[in-house]
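Take a look at the structure set out below.
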There are 2 protein chains.
Amino acid sequence: MPLTLENIQQKFRECGLKSTPQRTAIYQALVQSTAHPTAEDLFAQVSPTYPMLSLNTVYYTLSVLRTAGLVLEVNIGHDRARFDANLSPHHHVICQGCQNILDVMDPRLNRLASPSGLPDDFEISSYQVAFRGYCGACRKSKISMTTSPSGKRPVSS
Amino acid sequence: MPLTLENIQQKFRECGLKSTPQRTAIYQALVQSTAHPTAEDLFAQVSPTYPMLSLNTVYYTLSVLRTAGLVLEVNIGHDRARFDANLSPHHHVICQGCQNILDVMDPRLNRLASPSGLPDDFEISSYQVAFRGYCGACRKSKISMTTSPSGKRPVSS
DNA sequence: TTGCTACATAGGAATCATTCCTAAACAGGA
DNA sequence: TCCTGTTTAGGAATGATTCCTATGTAGCAA
């Protein structure tokens with residue numbers, strides 16, 4: 001499925017959503033990205049074309065698209081929300097250095113058995129695997145660092 | 001390993017952490033909980049015993065304990081951070097109704113192969129599986145609801 | 001084509017978790 | 001017991017997200 005404007009507008013129609021220039025541009029930017037952008041990322045990307053665009057609108061649009069089932073909110077960490085228009089079943093690899101997220105579509109991961117030890121009446125509807133590690137670039141800079149590799153900043157010295 | 005005060009204080013010493021009453025109480029509350037509490041939860045739990053306790057101190061303490069490797073930050077959703085003192089390898093089941101988190105220790109989940117399709121120089125160091133679904137209680141209330149089951153509040157009507 | 005109406009947008013203010021800053025308190029070693 | 005560096009508490013600051021509201025506009029119906 002190529003990403004024509006037509007195509008997007010039809011998707012919106014099917015979901016009962018009005019198709020406005022801003023909404024279309026935001027969704028298009030998200031579909032074209034594989035970087036799991038934040039609301040702010042999308043704002044920065046669409047802003048040049050629509051200088052009046054409000055970050056607010058990006059948030060609103062994303063929540064509408066999410067409710068319509070056209071985008072997923074990818075929650076890596078409790079920091080800002082990141083979004084994904086890739087609806088096919090997939091999992092994520094997160095680099096703990098640069099925080100980039102890669103998609104993984106290994107079919108073996110889509111056949112995990114339901115975990116044992118759950119209450120009988122708990123119904124699992126989906127699952128996601130989040131792999132963590134370091135990408136090549138971040139591994140190099142980790143090695144060249146002499147300081148501690150830990151994440152945030154409590155023990156400052 | 002029972003949870004004596006001695007025990008906790010020794011752990012702190014081993015990590016080079018001073019052992020203060022507040023710190024001990026916060027860690028103890030976390031170890032005793034299986035609910036993956038937030039900083040605020042822990043504050044509410046310890047506050048009665050230490051009325052002068054500051055929420056700030058809870059945040060600081062958690063970040064120190066996390067850096068020391070005594071607690072893990074469990075990030076379910078991009079909302080507030082939740083914490084876990086269970087250091088043995090395990091995964092999570094999240095109820096999308098009540099947002100409660102259960103631990104899953106199915107050993108089959110600890111032997112997943114590294115996913116295919118990654119750049120060669122990406123090094124995976126850990127992974128976690130997050131199962132989502134509805135617990136018994138929330139399934140019941142979902143059935144009795146006639147309104148839409150969607151998550152947040154964009155299309156209000 | 002024109003008008004209507006409900007949904008969208010923009011902008012500013014509000015909220016809420018978390019972090020920053022700083023002065024006073026205190027744990028643990030000398 | 002004294003000293004020093006860590007910890008604590010409290011208030012202010014930050015930053016993502018949501019709320020509020022007036023204006024704009026897409027899409028339907030006449």
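Please read these numbers as outputs of a predicted model, since none were measured by experiment. Residue numbers begin at 1 in each chain, while the letters A, B, ... track the order of the sequences.
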| field | For atom CD1 of A/I26 and atom P of C/dA8, their distance in whole Å | value | 12 Å

| query | When clusters are formed by joining ILVMFWY residues with side-chain heavy atoms under 4.5 Å apart, either directly or through shared neighbours, do A/I94 and A/V104 land in the same one? | reply | no

| request: Specify the separation, in whole Å, of atom CG of A/L17 and atom C1' of D/dA26. | output: 12 Å

| message | Check for me, please, whether A/L53 and A/L65 land in the same ILVMFWY cluster - side-chain distances under 4.5 Å, paths through other members count. | response | yes

| field | Side chain of B/M52 (C-beta onward), nearest among D/dG10, C/dT18, C/dG11 | value | D/dG10

| request: Check whether the ring centres of A/F131 and B/F122 lie less than 6.0 Å apart, and answer yes or no. | output: no

| said: Does any part of the side chain of B/L17, heavy atoms only, come nearer than 4.5 Å to the side chain of B/R23, both counted from C-beta? | reply: yes

| Interatomic distance, A/L65 CG vs C/dC7 P [rounded to whole Å] | 16 Å

| Should A/F83 and A/L3 be counted in the same cluster of Ile, Leu, Val, Met, Phe, Trp and Tyr side chains packed under 4.5 Å apart? | yes

| task | State whether a side-chain donor-acceptor pair under 3.5 Å links B/N110 with B/H91. | result | yes

| request: Compare side-chain N and O positions of B/Y59 against OP1 and OP2 of C/dT19 and report whether any pair is under 4.0 Å apart. | output: no

| query | For the pair made of CZ in A/R66 and C1' in D/dT17, what is the distance, rounded to whole Å? | reply | 11 Å

| Length of the line joining A/F43:CZ and D/dT18:P, which is rounded to integer Å | 16 Å

| Think B/R23 has a side-chain N or O under 4.0 angstrom from the OP1 or OP2 of D/dT7? | yes

Would you tabulate the nitrogen or oxygen pairs shorter than 3.5 Å linking the protein to nucleotides 23-27 of chain C?
{"from": "C/dA27", "atom 1": "N3", "to": "B/K18", "atom 2": "NZ", "distance (Å)": "3.2"}

| task | Find out whether B/I8 and B/V31 are in side-chain contact, i.e. whether some heavy atom of one side chain is under 4.5 Å from a heavy atom of the other. | result | no

| message | Quick check for you: among D/dT17, C/dT9, C/dG11, whose closest atom lies nearest to any side-chain atom of A/S54? | response | C/dG11

| message | Rounded to whole Å, how long is the line connecting atom OH of A/Y60 with atom C1' of C/dG11? | response | 16 Å

| Rounded distance in Å - CG (B/N56) to C1' (C/dT18) | 9 Å

| remark: Separation of D/dA16 atom P from A/R82 atom CZ, nearest Å, is 13 Å

| Which residue, B/Y50 or A/L55, contacts DNA chain D at a nucleotide closer to its 5' end, judged by nearest heavy atom? | B/Y50

| Would one find a side-chain N or O of A/Q22 under 4.0 angstrom from OP1 or OP2 of D/dT25? | no

| query | Phosphate oxygens OP1/OP2 of D/dT18: is one of them under 4.0 Å from a side-chain N or O of A/S63? | reply | no

